[in-house]
Amino acid sequence: MADQIAVQIRNLTKRVGNKTIVDGLSFDIPKGEVFGFLGPNGAGKTTTIRMMVGLISISEGQVLVQGIDVEKNFSQAMQHVGCIVENPELYKFLSGYQNLKHMARMSPGTMDARIDEVVKLVGLQNRIHDKVKTYSLGMRQRLGLAQALLHQPSVLILDEPTNGLDPAGIRELRDNLRRLAREEGMAVIVSSHLLSEMELMCDRIAVIAQGKLVSVQTLSDLMSGGERHVITSFEVGDKALALSILNRLFKDHVVDDDNHPHLISLKIDKERIPDAIQALVEGGVRVYGVSAVTKTLEETFLEMTGDGIIA
Amino acid sequence: MLNLIANENMKIYRRMRTWILVILIVAIVLLTGILMKTHEAPPSSNWRTALQAQTTQLQQELTQVQGKHVFMPARATAGMEIQIKKNQYEISHNIAPAQYTAWSFTSTIEQRAIGVLLTVFVAIVAGDIVAGEFSSGTIKLLLTRPQTRARILLSKYVATLIFAVFMMAVTIVASLVIGGVLYGFANASQTYVYMDASGHVQQMGMIPYIFTNYAFNSVSMLMTVTIAFMISTIFRSSAIAIAISILSLFIGNTLVAVLSSYSWDKYILFANTDLSQYVFNGPLISGMTMTFSIIVLVVYFIVMNGLSWFLFKKRDVALT
């Protein structure tokens, strides 16, 4: 199992002055997983990622990439890491190809043939010799990804990769990342403050708030939230009659949706939903629809991170 | 390391800005040449007689001074000796006064027109090469690759020095070509007459003189590059780095003059950057020697580069 772990984070802490920005984070990221790093703005996501790639010094704790300490053996560790921190950073006055050449020269053992390979991978063959300043945002994102993949890293770290991308661009990036994790066994680490993206992209998500790890869960665990009570909404004909029936049966569990003339919500065990339907039907209420309202990831997220008060 | 320098070179020479600076240099040399040529008074037919007369008069004055009939400071007599030697050279080589050759044109361009400007242009590149990566965010590319920060900084330093040599070469070639076209390449053995630090009159070949001047200029250029690098790593702003290093170039000498009443004046960097003072004309502040200045320069060089290196290595690349 140990050799399946690509990145280990141990008690990672960043202090600036007497403020603790990142506070004792610990988690492992296995190969072949897309790992999401979720938190509101200012939670310490970017600081953590910058510590992982050596842009910011580590106050305490360590980051191991393929078992190599990033702080102690920076050069060796970085050979395994490809990253895009915030935006894809490019020299706009150079062509796409020259940008890749620039990158290749800094990574020992990267051959020119590999440049052509990544250019094909991101589908930029036709424009690679044009200057980057003529590229669209989507093309820049592709070139940024090509730069990060150039030296065949086993760990890909992307900080807010979907910033500024249109829906098609986001979808394309998502597909690329999933494929890299699945087919090449890469560990992909993605940070974001957007839940909807994380839902579609990641296998596991770490939620952090105010520099602390709130939870690390698989997506399905996170969404069910481990709760037994489910909210179920009933669309009925006669709301007043339905309310009186349900209040008798499920006292305190009825959530009356005042805004809607035909909707009533119940917070009960899944096993008791048929009882509720039966009681309504027998009481002469016409039932038009029953739907389970699962708690959204967003609600779970807000619950975990508090209401976004910046400490 | 060579790969990193190749990268920095690519970023310098694939940029329009660099070539604008090159074109500017050539344009200034050309314009200066044309202006000098058009404002040149045609040599009068009897310039040789006039020169001879002036020389004879100067020689008479000199003998009077030497015979203690007239008192004159040593520097003034040296000035007269220089004038006599110049005149004699011009008469014997058939060069009308104020007539340029490609060689004297090249020397004049360096001294009067381009010398400081060249340093300014190098400071523009030096001030931007580190700070520019921060403002564009591309520093993150450089610092997340398997290269130490020291190597990244060194590669930028070396690339800047290569650029400085390149710009000097451009100036020399442009001056020689334009000077040659305007004045011809005759009299390559022309000499330059000057007063040395101890007040004696000396002469050296024009071509060695040109290279001596460029060599002394590159010392002050090296210090300006070092200042630009230091400011770059402190402020991470190209504008501040370029402004301060260029400003230092212009107010440096004034600062030394203003503070001349203090005994520590001679330890100021700018009192020492111009090493030509020990070969031509004598030192700015009496009592200073070439060895003293070289030691001061080396100390400044080590301290400023040490500070750049330390800051570049240690500081976090935080949110942009």
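Sequence lines set the chain letters: A, B, ... in the order given, protein chains first and strands last, and positions in each chain run from 1.
Among B:Arg315, B:Lys314, B:Glu133, the residue making the largest number of heavy-atom pairs under 4.5 Å with chain A is B:Glu133. In terms of heavy-atom pairs under 4.5 Å with chain B, the best-connected choice from A:His151, A:Met103, A:Met51 is A:His151.
Contact residues of residues 210-229 of chain B toward chain A are absent (heavy-atom distance under 4.5 Å). Applying a 4.5 Å heavy-atom cutoff, none of the residues of residues 154-181 of chain B approach chain A. By a heavy-atom distance cut of under 4.5 Å, B:Lys11, B:Arg14, B:Arg15 are the residues of residues 11-32 of chain B near chain A, going up by number.
Looking at A:Gln147, only its side chain comes within 4.5 Å of chain B, counting heavy atoms on both sides. At a 4.5 Å heavy-atom cutoff, the contact between B:Leu141 and chain A is made by backbone and side-chain atoms alike. If you measure heavy-atom distances from B:Arg151 to chain A, you find no contacts under 4.5 Å at all. Neither the backbone nor the side chain of A:Val16 comes within less than 4.5 Å of any heavy atom of chain B. For chain B, the nearby part of A:Phe74 is the side chain; its heavy atoms alone come within less than 4.5 Å. Both the backbone and the side chain of B:Leu142 come within contact range of chain A, with heavy atoms under 4.5 Å apart.
A salt bridge does not link B:Lys140 with A:Asp159: every distance from a Lys NZ or Arg NE/NH1/NH2 to an Asp or Glu carboxylate oxygen is 4.0 Å or more.
The shortest side-chain heavy-atom distance between A:Leu55 and B:Thr144 falls under the 4.5 Å cut-off. At a threshold of 4.5 Å between non-hydrogen side-chain atoms, the residues A:Arg105 and B:Met10 count as touching. The closest side-chain heavy-atom distance from A:Lys14 to B:Asp316 is below 4.5 Å.
Summarising the geometry, atom CD belonging to A:Glu89 is positioned 10.5 Å from atom CD1 belonging to B:Ile139; distances are rounded to the nearest 0.5 Å. The line from CZ of B:Arg145 to OG of A:Ser75 is 10.0 Å long, rounded to the nearest 0.5 Å.
For A:Lys212, the NZ atom counts as loosely surrounded, since its 6.0 Å shell holds 12 or fewer non-hydrogen atoms of other residues, nucleotides or ligands. Residue B:Tyr267 qualifies as open at atom OH: its count of foreign heavy atoms under 6.0 Å is 12 or below. Atom CG of B:Leu2 has 12 or fewer neighbouring heavy atoms from other residues, nucleotides or ligands inside a 6.0 Å radius.
In this structure A:Pro88 satisfies the side-chain contact (heavy atoms from CB on, under 4.5 Å) test together with A:Ile84, A:Gln141, sequence neighbours excluded.
Side-chain atoms of B:Asn7 come within 3.5 Å of backbone atoms of A:His102 as a donor-acceptor pair (strictly under, hydrogens ignored).
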